[in-house]
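Pasting a structure below so you can have a look.
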Amino acid sequence: MHKEPVTDFATDWDHTDPQWVNNPYPIWDDLRERCPVAHTERYGGGWFPTTHEMIAEIANDTEHFTSRQVVIVHNKNPELMPPAPIGGAPPITSDPPFHQIARRLILPAFAPGPVRALEDQVRALCAKHLDALTGETRFDAGARFARYISPGVISRMLGFPEADEDQFRDFVHLVLDLIDLPTEERIPLFAPMTDYFDQQIADHVAHPRDDFTSYLLNVEIDGQKLSPEHVRGTMVLTLVAGIDTTWSAIGSAIWHLAQHPEDLARLVNEPDLMPVAVEEFLRFYAPVTMARLVKEDMEFHGHDFKANDWVLLGFPAANRDPAVFKDADQFIIDRAINRHAAFGLGIHRCAGSNLARMELRVAIEEFIARFPRFTLDEDEPVTWAPGQVRGPRAIPLRVL
Amino acid sequence: MKVVIDADLCQGQGRCFSIAPNVFGFDDLGNGVVLGDGTLTSETLKLAQLAMANCPEHAIFIEDDE
Ligand code: HEM
Ligand code: SF4
């Protein structure tokens, strides 16, 4: 679909505009000073607040904003969307009171204990892909490393065959990246994904095993098993939310280290710094932006929000707000006070945050243990994923 | 001095128990809990304050003794 380039993001923002995709931070800083709520007529109408305070306010206001649709598409078609409060992918598309029920079901699987148990597996997975790079001095760390870690973890968690990982990336691409297709072209593309999940569900019904899919099939709410749509929706969510996000975070961290030898050297020499550094990677390069729909006409800080307008919650923009973060535009690897919102705020706070942090930490630890000195390969381009989950896809490196 | 977590505000962001594992733990859902009765010593006070300053949901409170 052809789109007009954006000339003023204050009145015509578009999160898929090449300027935004390549470097959104100056745009957000400008909007925060000038607006601070930007508007667009694109996508059927939407808003983009840029201060931490407003983003937190909306994230915590489930009375006026619904999560029924969290990924912005062109045609809202409310009748095609599964109704609130459950939505198509519980709990992320659910509103209270159902949200809490759907969320509590999945939280135990992602609590610190179970996540710790996965750490060795993640380390082994990293080692496998790093082994394949032995002796190479120029490679794309996105294509050869970052993109493999989270699909490996999630597919094992769901109990899917490892060989299917390429398909998962296609599914994620469909849900998150192909948002510019008209609805009538987009909807049929979902059929192979739905079929794939149905096959996996059928296989798990026939051969139950100790994984997250079997858990969802057996768990009960008030003595009742979940509906097949709920099971499938949560599985799709786990796959989509668990892959692109962490892949982007790992990629951004490597991209940063390739350009900041002083930070790389500190991490190599001071391994204890890693947990604090991970939080700063998450703040500075927060990959995830999520949407809400306005429930009914309302006023928001002087703006007329109309029913069904989009509101894009820029958690990454909140993380750069100088009202909340000292030297917000500086990456400070040992930033001690860091109340970042990379995992969202309020009731939808990322259910997978313990897993995401562990994957990010282990992936960086393993990568820099093998490659303690590297830099960007200026001969090749860095490319960025467009849309609501942003991160580098091609990260051309030179090993020093 | 005592530290408490407001369970209605906590969303299990998990910053507290990684910063101050001697002061905070977590429940089955991964939400933060205060270990023991939350009484702070001069050493744990600093860590509890650091956790408080990092909790994205502003769910941690340090209360003066009556
Ligand atoms: C660095 C990596 C990640 C980031 C930055 C991230 C970010 C987010 C954000 C901002 C939200 C809030 C969405 C909203 O408010 O609408 C969210 C929700 C969610 N995330 Fe993540 N995420 C990451 C990794 C993961 C992983 C690895 C998983 C699990 C497999 C996961 C599962 C979920 C789920 C299930 C929700 C919905 C929670 C709810 O609605 O109650 N995420 N994530
Ligand atoms: S840091 Fe705050 S939100 Fe996170 S677990 Fe602790 S109290 Fe809860």
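In this text the structure is predicted, and so the values were computed from the model without any measurement. So you know, we letter chains A, B, ... as the sequences are listed, proteins then strands, and number each from 1.
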**Asked** Would the number of heavy atoms belonging to other residues, nucleotides or ligands and lying under 6.0 Å from CD of A:E63 be above 12?
**Response** no

**Item:** A:R361 CZ to B:S18 OG distance, which is reported to the nearest 0.5 Å
**Value:** 10.0 Å

**chain A contacts, top residue of B:G14, B:G30, B:C55, B:C10 (heavy-atom pairs, under 4.5 Å)** = B:C55

**Prompt:** Would one find more than 12 heavy atoms of other residues, nucleotides or ligands at under 6.0 Å from atom CG of B:D37?
**Reply:** yes

**Prompt:** Which bit of A:P108 is near chain B, if near means a heavy-atom gap under 4.5 Å: side chain, backbone, both or neither?
**Reply:** both

**Message:** For the CG atom of B:D28 and the CZ atom of A:R104, what is their distance to the nearest 0.5 Å?
**Reply:** 10.0 Å

**Request:** Under 4.5 Å, counting heavy-atom pairs only, tell me which of A:L345, A:I106, A:N354 racks up the most with chain B.
**Result:** A:L345

**Asked** For the atom pair OG (A:S353) and CD (B:Q11), what is the distance rounded to the nearest 0.5 Å?
**Response**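 Reported value, rounded in 0.5 Å steps: 11.0 Å.
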
**Prompt:** Under a 4.5 Å heavy-atom cut-off, does chain A meet the side chain of B:N54, its backbone, both or neither?
**Reply:**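 Both backbone and side chain of B:N54 come within 4.5 Å of chain A.
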
**Asked** Any salt bridge between B:E57 and A:R349, counting N to O under 4.0 Å?
**Response** no

**Message:** Please check: side-chain N/O of B:Q13 versus main-chain N/O of A:C350, any donor-acceptor pairing under 3.5 Å?
**Reply:**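 Such a contact is absent between B:Q13 side chain and A:C350 backbone.
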
**Request:** Please look at A:I347 and chain B and tell me whether the side chain, the backbone, both or neither of the residue comes under 4.5 angstrom of a heavy atom of that chain.
**Result:**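 Both parts, backbone and side chain.
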
**Item:** Side chains of B:H58 and A:R339 in contact at under 4.5 Å (non-hydrogen atoms)
**Value:** yes

**Asked** Which residue out of A:A109, A:A336, A:A341 racks up the most heavy-atom pairs below 4.5 Å with chain B?
**Response**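 Result: the option with the highest number of such pairs is A:A336.
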
**Request:** Decide yes or no on side-chain contact (heavy atoms from CB on, under 4.5 Å) for B:R15 and A:R357, but give the supporting numbers first.
**Result:** CA-CA 11 Å; B:R15 300 297 299 283; A:R357 283 194 170 101; 3.2 Å; yes

**Item:** Distance (rounded to the nearest 0.5 Å) between A:L107 CG and B:F26 CZ
**Value:**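 It is 13.0 Å, given to the nearest 0.5 Å.
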
**Which portion of B:L29 sits near chain A, non-hydrogen atoms under 4.5 angstrom** =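 Both backbone and side chain.
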
**Asked** So what's closer than 4.5 Å to chain B heavy atoms on A:H348: side chain, backbone, both or neither?
**Response**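 Neither part.
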
**Item:** Over 12 foreign heavy atoms within 6.0 Å of CD, B:E63
**Value:**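 Buried by this count: over 12 neighbours within 6.0 Å.
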
